[in-house]
Structures are given as structure tokens and as C-alpha cells.
Chemist: 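Dropping a structure here in C-alpha cells format, bear with me for questions.
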Amino acid sequence: MDELKSNGMEVVVLVFNNKFEKRSLKDEYLKKILNGKRKQIFVYMADDTGKIPNKIMGEKNLVFKSHIGNKKKGLDFIPVGVPNLERVSYGSNGKSEYINVFFSGNMNSNRRNLHRALSGSVLPKEVYKKTLEWGSPSMDFSDQFSDSIIRFTQEWAGGMGADEYQETMWRSKIALCPAGFRSSETFRHCEALRAGCAVISERLPPSNPFYQTSAIIQVDSAREMVDKARELLSNEGRLEHLMQLSRRWWERKCSPEAVAEYVYEKAISYYGD
């Protein structure tokens, strides 16, 4: 903000999210801002639907949002980020008490294929889906890799507590990042990059600059995700290199300081010198 002001720009910055969109748009203060003459930057958080926030877009508004496939005039990318960023970092990337492969998360519909790949099942996808719904499937696949933690839970945030989760991520060498409920982008990607993990992910939006040329390994299937993890564990040199690249990418592209610089540069470009 200070840098924008030093460039003679009168800018209002609002952090916005979908939970409060309908209520907020009825708010008289927000109406006054939307109808005002000043340039406005909206940082639109916590919406993984991928929808375009047309109600707050306009010629004088610049909106930054995650979970969008493509940018358009007045709408640009921002990374999903890390919740509870103020929590302590758990040491360097030496990872002396390491965990080889880490995943802990809810068994949503987008993750059934990862469960199937880890189980080694050859059942057709639809048949396997029924076995998950009717049976009592295993939720722990930690034994698929040595010194690893791979667990599915029955509900969101139903596994590790926040501190244990972050500590485990910082001790991990490889993080599996399957899709969330609606989007391939998840907090896990940024959490893993920040912790210096080698990240194996489903395909991410190709035009998003926060993923372009990053160290994230993107795959087309859950089985390929599992195979890539095995491949990396057999190549210690490449694994260590990817871990270093992940941390470097976080610092240069996805950290709060890097994102602030990105927003600043985009605002200068959008509104002119």
C-alpha cells in the first residue's frame, strides 16, 4: 500500500470472500466504495468454485483471486496461500527425522482414485466407488512407502491437528497433493512448497504464473502420482534437488513478500504510471 501511494495512486484494498459476498454487497460502506471514484484492489479469498466475481469487477477495480482457469481484464491470479502462516516453521530442510511420503486428508470424491491406486485394486472405477460406499475400506496406506504417513479421513479437518500437520509437513520429503473438493488447487500445495517438500500434484491451471515453471511435478492420474513418488525415492539426488527448488519457489513466487510484489507490479501496470 505504501509503495502504491508513493506512486501517487489512491487505492482501496479489500479482502473479500464468497461466504460474505451476498451480505457484503448489501453493506452500505461497500456500496459506497464500489460506487466511488478511487481505484480499488480486491483480494478475493476462500472460494474454490472458480467463478468470476463479476459483481465487484469494473474498469477501476483490479481483482486478485485463486481457483480461476484464466485471467481477464481486471482479474488476475493469486496463490491459494497457507492458512495460519504465523505458525512457527519447524527447522531447516535437513529433515533429519524425515518422513518419506506424506498425505493426510479427507476422502472426498476427487481422491477416490488415489485411494484406489494406493490399494493396488484393479477393479473398475465405478465398482471401486461402490466398495468404498458400502464397505469399511482401509484409510491408512502408510506402509506403501517406508517411513511414511498416508492417511485418509472421513471428514474435513478430521485428521491431524494444525500443529501436528505442519510439523509433519516440515519433516516430509515428498508431499502428495490430490485435488480438493472442487479444484486441483489446494492449501497443501503452498504448505508443501513452504516446507521444502517435493510436490506431486494433479494437473494445475496451465496459465497460472504461480505454477508455471515451478518444481511441482504434475501428473495425469493417481497411479502416476504413486509411481512418481516411488521413482523419486529411488533417486536421492533428484529428490534433494526438487526439495531445494520447492523452497526457493515459495520464497520467490508464493511467499507473502513475493505475492505483495506481484500485486504491486500488476497494479502499476493495470492503472498506469
Side-chain angles (χ1 to χ4, degrees), residues 1-17 38-48 53 61-68 71 74-95 162-163 165-173 175 177 183-199 201 204-218 240-273:
M1 282 293 292
D2 291 339
E3 296 233 10
L4 291 173
K5 288 178 180 178
S6 70
N7 277 271
M9 297 175 62
E10 289 295 325
V11 176
V12 176
V13 179
L14 294 175
V15 178
F16 209 59
N17 69 43
R38 287 191 292 180
K39 301 162 184 174
Q40 288 135 161
I41 295 174
F42 288 85
V43 180
Y44 199 111
M45 306 297 292
D47 173 37
D48 61 357
N61 296 343
L62 178 57
V63 181
F64 291 90
K65 187 178 184 296
S66 59
H67 303 290
I68 56 173
K71 66 180 183 179
L75 178 67
D76 213 312
F77 300 102
I78 201 167
V80 177
V82 173
N84 303 313
L85 187 62
E86 72 280 2
R87 292 183 185 274
V88 66
S89 300
Y90 290 90
S92 68
N93 286 353
K95 298 180 187 280
D163 286 326
Y165 176 87
Q166 288 204 25
E167 180 180 5
T168 304
M169 185 68 82
W170 276 86
R171 291 169 52 207
S172 299
K173 292 187 174 183
C177 294
S183 171
S184 58
E185 294 180 73
T186 68
F187 290 128
R188 196 183 315 272
H189 289 85
C190 286
E191 290 165 339
L193 289 170
R194 178 175 178 245
C197 302
V199 182
S201 169
L204 296 162
S207 58
N208 191 316
F210 295 101
Y211 306 127
Q212 286 176 341
T213 69
S214 75
I216 297 174
I217 297 175
Q218 300 184 42
E240 181 64 31
H241 181 60
L242 285 171
M243 291 165 63
Q244 293 173 2
L245 289 178
S246 288
R247 180 64 186 176
R248 199 176 306 156
W249 187 264
W250 162 262
E251 291 171 348
R252 295 179 179 178
K253 295 290 186 178
C254 297
S255 67
E257 296 81 7
V259 173
E261 182 65 25
Y262 178 86
V263 170
Y264 168 75
E265 290 177 356
K266 292 296 181 180
I268 292 295
S269 175
Y270 185 72
Y271 291 124
D273 297 328

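We're numbering straight along the sequence, starting at 1. What you are looking at is a predicted structure, and each value in this text was computed from that prediction instead of being measured.
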Chemist: Is there side-chain contact between Val263 and Phe64, with heavy atoms separated by less than 4.5 Å?
Modeler: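 Yes, their side chains come closer than 4.5 Å.
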Chemist: I'd like to know if the side chain of Ser269 and the backbone of Glu265 have a donor-acceptor N/O pair within less than 3.5 Å.
Modeler: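 The answer is no, because no donor-acceptor pair under 3.5 Å joins these two groups.
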Chemist: Check the pair Asp76, Val63 against side-chain contact (heavy atoms from CB on, under 4.5 Å), reporting the backbone distance first and the verdict last.
Modeler: CA-CA 6 Å; Asp76 213 312; Val63 181; over 6 Å; no
Chemist: Can you give me the closest heavy-atom contact between His189 and Cys177, atom names plus distance?
Modeler: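 Shortest heavy-atom separation between His189 and Cys177 comes out as NE2-CB, 3.6 Å.
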Chemist: Might you point out which heavy atoms bring Cys190 and Pro79 nearest each other, and give the distance in Å?
Modeler: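 Reported closest heavy-atom pair: SG-CB, 4.2 Å.
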Chemist: As an exercise, state the distance from CD1 of Ile216 to CG of Leu245, rounded to the nearest 0.5 Å.
Modeler: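 Nearest 0.5 Å value for the CD1-CG distance: 11.5 Å.
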Chemist: Could you tell me which non-hydrogen atom of Trp249 sits nearest to which non-hydrogen atom of Leu193, and how far apart they are?
Modeler: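 Smallest heavy-atom distance, with atoms named: CD1-CD1, 4.0 Å.
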Chemist: Do the non-hydrogen side-chain atoms of Gln212 and Pro206 ever get within less than 4.5 Å of each other?
Modeler: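 Side chain of Gln212 against side chain of Pro206, heavy atoms only: no contact under 4.5 Å found.
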Chemist: Should the heavy atoms of other residues, nucleotides or ligands under 6.0 Å from NZ of Lys65 be counted, would the total exceed 12?
Modeler: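 More than 12 within 6.0 Å, yes.
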Chemist: If you define the side chain from C-beta out and look only at heavy atoms, does anything of Glu191 sit under 4.5 Å from Arg194?
Modeler: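 Of all side-chain heavy-atom pairs linking Arg194 with Glu191, none is under 4.5 Å.
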Chemist: Measuring from atom OG of Ser214 to atom CH2 of Trp250, what distance do you get when rounded to the nearest 0.5 angstrom?
Modeler: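 The distance works out to 13.5 Å.
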Chemist: Which atom pair, heavy atoms only, marks the closest approach of Tyr270 to Asn61?
Modeler: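 Closest approach of Tyr270 to Asn61, heavy atoms only: OH-O, 3.4 Å.
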Chemist: What is the minimum heavy-atom distance between Leu204 and Ser184, and which atoms define it?
Modeler: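 Distance-wise, the nearest heavy atoms are CD2-O, 3.5 Å.
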Chemist: Would you tell me whether Glu185 and Tyr211 have side-chain atoms, one donor and one acceptor, within less than 3.5 Å of each other?
Modeler: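 Indeed, the side chains of Glu185 and Tyr211 share at least one donor-acceptor pair under 3.5 Å.
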Chemist: Show the nearest heavy-atom pair for residues Phe210 and Lys253, with the distance to one decimal.
Modeler: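 Result for this residue pair: CE2-O, 3.2 Å.
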Chemist: Does the ring centre of Phe77 sit less than 6.0 Å away from the ring centre of Tyr262?
Modeler: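 No, ring centres 6.0 Å or more apart.
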Chemist: Using a 3.5 Å distance criterion without hydrogens, assess whether the side chain of Ser172 forms a donor-acceptor pair with backbone atoms of Ala175.
Modeler: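 No; judged by distance alone, with no hydrogens or angles, the pair does not exist.
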Chemist: Is a side-chain N or O of Ser183 found less than 3.5 angstrom from the main chain of His67, in a donor-acceptor match?
Modeler: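 Side chain of Ser183 to backbone of His67: no pair is present.
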Chemist: So how far is it from Leu242 CG to Ile217 CD1, rounded to the nearest 0.5 Å?
Modeler: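 The distance works out to 5.0 Å.
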